[in-house]
Amino acid sequence: MSEEGAARPRILVVDDEPGIREGCRKILASEGFEVITAGDGKAGLEQFLDRGPFAVLLVDLQMPRMSGLELIRELRGRDPDIVPIIITAHATIDTAVEGTKQGAYSYIPKPFTADELLLSIKNGLERRTLSLEARRLREEREKRLLEVASERSKRKTIIACMTDGILVINTEGLVVLRNAAAARILPECAELPVPFPLETIASPDVREIIGVVNGAPGGFMILSREISLGPATYMVNVSPVLDPSGESTGAVTVFRDVTALKKLETAKSMFVSMVAHEVKSPLAAAEGWLNLILSGILKNDPAQERRMIERSLLRVKTLRTMVAELLNLTAIQTGNCTLHRAPVEVSAVVNAAVEGLCARGPRKGASP
């Protein structure tokens, strides 16, 4: 049974904690999802092979026999459209980054609420739906491009209305079709009458990728590459154009603007760097005080030693507050965030900040 043909979205929950598995199953089942559970990575892989496909994979990181990251890699190799969501009690920046590299869509630290779980599932399913729809539209568009090769009027109408840039190049290296979007993307070719030589295109990267596909034996090579053209970045996809006998008659090039996606990737990287920087300061302060206590310098001063321990505890509480604030991002996304204003004693805030920096002052050469 295919996932698209199922009446309800199917979710695979893989966790070695029975309580977590059962809790997730009840929450998701109450929302109308079909839920299959497994106790470790190997069992999850077996469930996928026997009962797949699944729309969403809800997986723990540390499990016996096969880790969560290994399971994500295995399942995405078989079904690139599955949406992996990591649930773990070992939430660190490193595990979040590694999970993202393996294709994880979201990252939920334990313990989590039902609303946090359902929000991630909902967003993941929306992303999957958009991805499948985009693929369907792309396949339909590619099919139409081949069909309209013998219908010039329809071809011109369809190609001209597309927002993606389209170039069609014949086997002689001449651009025989160019839509309005491609003219905007490649202004050096905008006023040239069709056909014109491929060498007219200013970007060497564009010329290279088209030339590789157009000159491939058998006409079965398909290439994709991100190429910067002025201030914008485009995903350039080049595919061969085949006649009914399977012979290549040229290549079709699609320019898709991915500038906004690149900016989003940059914003995500900046966010990770910012979180790492904010976590580093309280950790360094707590580490300094604890090392001072362990060095034995304060062994004859119990009161000073206690103050150092209290300062370390205060920094740990600061870290806990930061983690809580990050978790509150989920509430902000759902619109369930409420601001509570309260008076603050400014002198107390300043004194706490100064006290937190006093231990590092002498190491920087500052006078007390």
Side-chain angles (χ1 to χ4, degrees), residues 72-73 75-84 100-105 127-149 158-159 162-171 173-189 198-243 246-269:
I72 291 174
R73 186 163 53 248
L75 298 197
R76 282 185 59 82
R78 291 173 167 82
D79 180 6
D81 294 318
I82 193 170
V83 179
T100 301
K101 289 181 179 179
Q102 296 298 335
Y105 168 73
R127 178 196 176 185
R128 176 182 170 84
T129 299
L130 291 174
S131 176
L132 293 174
E133 180 65 13
R135 176 185 299 172
R136 184 187 67 80
L137 293 175
R138 183 170 62 251
E139 292 173 350
E140 288 183 358
R141 182 177 63 217
E142 293 171 353
K143 180 180 179 181
R144 288 183 186 137
L145 285 178
L146 294 176
E147 293 174 347
V148 300
I158 294 175
I159 299 299
M162 294 181 64
T163 57
D164 290 344
I166 300 293
L167 291 180
V168 177
I169 301 90
N170 65 13
T171 54
L174 297 175
V175 177
V176 296
L177 179 63
R178 171 200 60 207
N179 70 348
R184 291 192 299 269
I185 295 169
L186 304 170
E188 69 273 15
C189 306
L198 177 62
E199 287 74 17
T200 308
I201 298 175
S203 171
D205 293 330
V206 173
R207 296 198 305 270
E208 178 188 2
I209 189 174
I210 294 175
V212 169
V213 174
N214 206 23
F220 296 109
M221 178 178 288
I222 300 174
L223 291 181
S224 298
R225 184 184 301 174
E226 284 187 5
I227 296 178
S228 297
L229 298 173
T233 302
Y234 293 89
M235 177 60 71
V236 181
N237 299 286
V238 185
S239 303
V241 178
L242 307 179
D243 62 17
E247 293 295 323
S248 175
T249 60
V252 58
T253 305
V254 181
F255 296 80
R256 175 162 295 178
D257 192 342
V258 294
T259 306
L261 293 178
K262 297 293 290 184
K263 290 181 179 179
L264 179 60
E265 291 179 2
T266 302
K268 287 182 178 179
S269 299

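Computed from heavy atoms alone, side chains included, the values below leave out hydrogens, waters and symmetry copies. Everything numeric in this text was worked out from a predicted model, so none of it was measured.
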A.B. asks: Let's go through Glu133 and Arg136 carefully: what are the C-alpha distance in whole Å and the side-chain angles of both, what is the deciding distance for salt bridge (Lys or Arg N to Asp or Glu O under 4.0 Å) to 0.1 Å, and is it a yes or a no?
C.D. replies: CA-CA 5 Å; Glu133 180 65 13; Arg136 184 187 67 80; 2.4 Å; yes
A.B. asks: Determine whether Ile201 and Leu167 satisfy the following criterion, side chain to side chain contact (heavy atoms under 4.5 Å, CB included), listing intermediate values before the conclusion.
C.D. replies: CA-CA 11 Å; Ile201 298 175; Leu167 291 180; 3.8 Å; yes
A.B. asks: Could you measure the distance from the CG atom of Asp164 to the CZ atom of Arg256? Nearest 0.5 Å is fine.
C.D. replies: 4.5 Å
A.B. asks: Can you list the steps and then say if Ile227 with Ser203 is a side chain to side chain contact (heavy atoms under 4.5 Å, CB included)?
C.D. replies: CA-CA 9 Å; Ile227 296 178; Ser203 171; 4.1 Å; yes
A.B. asks: Looking just at side-chain N and O atoms, do Thr259 and Asp257 make a donor-acceptor pair shorter than 3.5 Å?
C.D. replies: yes
A.B. asks: To the nearest 0.5 Å, what is the distance between CG on Leu177 and CD1 on Ile166?
C.D. replies: 8.0 Å
A.B. asks: Over all heavy atoms of both residues, which pair between Ser228 and Thr233 is shortest? Give the atoms and the distance, please.
C.D. replies: OG-OG1, 3.8 Å
A.B. asks: Could you give the distance from CZ (Arg135) to CG (Leu130), rounded to the nearest 0.5 Å?
C.D. replies: 13.0 Å
A.B. asks: Using every non-hydrogen atom in the two residues, find where Ile209 and Arg225 come nearest and quote the distance to one decimal.
C.D. replies: CD1-CB, 3.7 Å
A.B. asks: Quick one: CG on Leu198 to CD1 on Ile169, what's the gap to the nearest 0.5 Å?
C.D. replies: 6.0 Å
A.B. asks: Please find the pair of heavy atoms, one from Ser248 and one from Leu242, that lie closest to each other, and give the distance.
C.D. replies: CA-CD2, 3.8 Å
A.B. asks: Atom CG of Asp205 and atom OH of Tyr234: how far apart are they, to the nearest 0.5 Å?
C.D. replies: 14.5 Å
A.B. asks: Please report the interatomic distance OG1(Thr171) to CG(Asn214), rounded to the nearest 0.5 Å.
C.D. replies: 6.5 Å
A.B. asks: So which atom in Val213 and which in Pro240 form the shortest heavy-atom distance, rounded to 0.1 Å?
C.D. replies: CG1-N, 3.9 Å
A.B. asks: Check the pair Met235, Leu261 against side chain to side chain contact (heavy atoms under 4.5 Å, CB included), reporting the backbone distance first and the verdict last.
C.D. replies: CA-CA 11 Å; Met235 177 60 71; Leu261 293 178; over 6 Å; no
A.B. asks: Taking all non-hydrogen atoms of both residues, which atom of Arg128 and which atom of Asp79 are closest, and how far apart?
C.D. replies: NH1-OD2, 4.3 Å
